[in-house]
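Down below is the structure, laid out as structure tokens.
Reckoned from all heavy atoms, side chains included, excluding hydrogens, waters and symmetry mates. The structure presented is a predicted model; accordingly, all values stated were derived computationally and were not measured. As the structure lists them, so they are numbered: ligands from 1, and atoms in each ligand from 1.
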Amino acid sequence: MILSESTHGKHTRTATRVVGAGRRKEWTGPVVNPPVWRASTHLYEDTAALARNGQYNEDGRFFYGRRGSPTQWALCDALTQLEPGAAGTVIYPSGVAAIAGVLLTLVKPGDVLLISDNAYDPSRTMGTGLLTDFGVETRFFDPRDIEGYAALFCERTRAVLLEAPGSLSMEMCDLPELARIARAKGAVSVLDNTWASPLGFAALEHGIDISLMALTKHVGGHSDLMMGSASAGPELYAALRKRAQQLGNVVSPDDAALALRGLRTLALRLRQESESALKIARFLAERPEVAQVLCPMLPGAPGHELWSRDFTGGCGLFSFIFRGGSAADRDRFVDALSLFGIGFSWGGYESLALPIQPKGARSVMPWPPASGNDPAVDRHGVRLAIGLEDPEDLIADIAQALEAWKRA
Ligand SMILES: *Cc1c(COP(=O)(O)O)cnc(C)c1O
């Protein structure tokens, strides 16, 4: 949906925009939230109106259910307003569908796609699987190695998929520089911005061409919804929208309403989660059982300087590595936690813990990040997604689980 006036459009501070974004009077009527418009058929006044409408394919025009209704339009409009520099946002039925929708807009047979080696694993396998089947060549790069990255480009390089911090291993990279090089080489840069969201990293303002998110995570915020989005400037937005229509991507109005509800507390939740995560990261960094905390928000942790330079926020998701011990010890720690669920996804109000082994999902980057693939370096990691519980309770839970880690 193309950017429009909202009730709070005049105010530029983020928390205020999060409250007002997408709430256009013609969609909400006299109530606060846009109603849930459940619709496949859109009815026309007469055959003349039908004939007229057939000529248009514009945002905010009733046509047929697949092009959405005010519930979905309000969500797209809100996400556009939260991403400075965006002309519009397309929504998809999942984060993975957003990644597929974006890549299928950008590449065609014979093209080369560059994917950051520490990207979300389904993004990697989209390159090595689906897109390879369609005649696209994928190359992986270490986003911290700017020279190696620049050297990978060729005449056929059409797009670059970035993600920061890296999936599970949380490395930071110089996003503005990577985006600048992509543009100079004639390629489109795409950022999976699920971790920071536009509230923590204004991707387009930093030179990224397309910013995508798994709305499943923070925007939904309550672990009851699957959805994705992609925001871009006018030309790329038009291309994304066209491809999404061709692929038949739709989001139900009920889910769009849930995403809008989640969005209203996004700034508050991210702030609290980040604050709690930082407390817990500090606690872990002091513990003798922990070799390294991988949390770019933590001063002294890998990537902290780049994070401080480019990001204005973060979230509750980070990882750490045990000092010594076995995979079984690590798993015993996770099983001993009582306030953390074990599961994929994150960005909900509840805390989660996940044993991690990123090695199988890397082609060029070492695990752990600074190990140089030295097998003697400790490598049993856990990813924590910190929710809205009291951080002191979470710390006490982690402390008792560390005792279980020691009890072989
Ligand atoms: C979860 C996630 C996705 C995929 O989102 P789904 O809605 O689960 O398909 C993509 N990127 C990142 C960084 C994620 O964490």
Side-chain angles (χ1 to χ4, degrees), residues 75 79 89-104 115-127 129-131 143 160-173 175 189-201 203 208 210-231 244 247 249-252 255-256 258-259 262-263 266 269-270 273 277 294-296 303 307 311 313-319 341-348 350-354 356 358 361-362 365 383-387:
L75 174 60
L79 293 169
T89 297
V90 178
I91 49 175
Y92 301 85
S94 71
V96 164
I99 296 164
V102 167
L103 294 178
L104 289 171
I115 300 183
S116 181
D117 198 44
N118 56 0
Y120 181 58
D121 197 38
S123 297
R124 293 176 49 93
T125 52
M126 205 170 296
L130 175 83
L131 293 174
V160 177
L161 180 60
L162 300 163
E163 186 175 327
S167 183
L168 308 175
S169 45
M170 308 300 291
E171 301 92 347
M172 285 299 299
C173 57
L175 289 169
S189 61
V190 181
L191 174 67
D192 185 331
N193 199 22
T194 303
W195 187 83
S197 90
L199 274 54
F201 181 68
I208 299 287
I210 299 176
S211 174
L212 69 82
M213 269 193 291
L215 304 181
T216 306
K217 309 292 165 56
H218 294 128
V219 172
H222 297 73
S223 308
D224 53 7
L225 162 74
M226 305 284 305
M227 205 183 293
S229 69
S231 304
L247 291 170
N249 278 305
V250 288
V251 160
S252 88
D255 285 348
L258 275 180
L263 184 72
L266 180 64
R269 286 184 287 109
L270 286 178
E273 269 184 34
L294 306 173
C295 175
W307 178 80
F311 286 52
C315 69
L317 190 79
F318 71 96
S319 301
I342 302 171
F344 299 114
S345 201
W346 42 277
E350 83 292 9
S351 291
L352 298 172
L354 191 71
I356 56 167
R362 300 288 183 269
M365 293 175 75
R383 184 183 73 179
L384 297 177
I386 304 304

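Judged by distance alone, the side chain of E163 and the main-chain N or O of S116 form no donor-acceptor pair under 3.5 Å. Judged by distance alone, the side chain of S319 and the main-chain N or O of S169 form no donor-acceptor pair under 3.5 Å. When atom types are taken as modelled, the side chain of D117 and the backbone of M365 share a donor-acceptor pair closer than 3.5 angstrom. A side-chain donor-acceptor contact under 3.5 Å links S351 to the backbone of G387. The backbone N or O of M227 sits nowhere less than 3.5 Å from a side-chain atom of S94 that would complete a donor-acceptor pair.
Inclusion of G95 in the set of residues having an N or O under 3.5 Å from an N or O of ligand 1 is warranted. Checking only distances, I99 never comes within under 3.5 Å of ligand 1, N or O to N or O.
Ligand 1 has E163 within reach: a non-hydrogen atom of the residue lies less than 4.0 Å from it.
Scanning the protein heavy atoms around atom 7 (O) of ligand 1, the nearest turns out to be T216 OG1, 2.5 Å. Remark: minimum distance from atom 8 (O) of ligand 1 to any protein heavy atom is reached at M226 CE, 3.5 Å. Nearest non-hydrogen protein atom to atom 14 (C) of ligand 1 is K217 NZ, 2.8 Å. Ranking the protein heavy atoms by distance from atom 11 (N) of ligand 1 puts D192 OD2, 2.6 Å first. Among all protein heavy atoms, the one lying closest to atom 9 (O) of ligand 1 is V96 N, 2.9 Å.
Here the closest heavy-atom approach between residue W307 and residue G313 is recorded as NE1-O, 3.1 Å.
Separation of the H218 and W346 ring centroids falls under the 6.0 Å cut-off.
The side-chain heavy atoms of N193 and P198, taken from C-beta on, include a pair separated by under 4.5 Å.
Every atom of ligand 1 is numbered from 1 in the order shown, and the set under 4.0 Å from a heavy atom of T194 is 11 (N), 12 (C), 13 (C). Close contacts between ligand 1 and W346 involve ligand atoms 15 (O) [criterion: under 4.0 Å to a heavy atom].
Ranked by closest heavy atom to atom 3 (C) of ligand 1, the top entry among Y120, W195, F344 is Y120.
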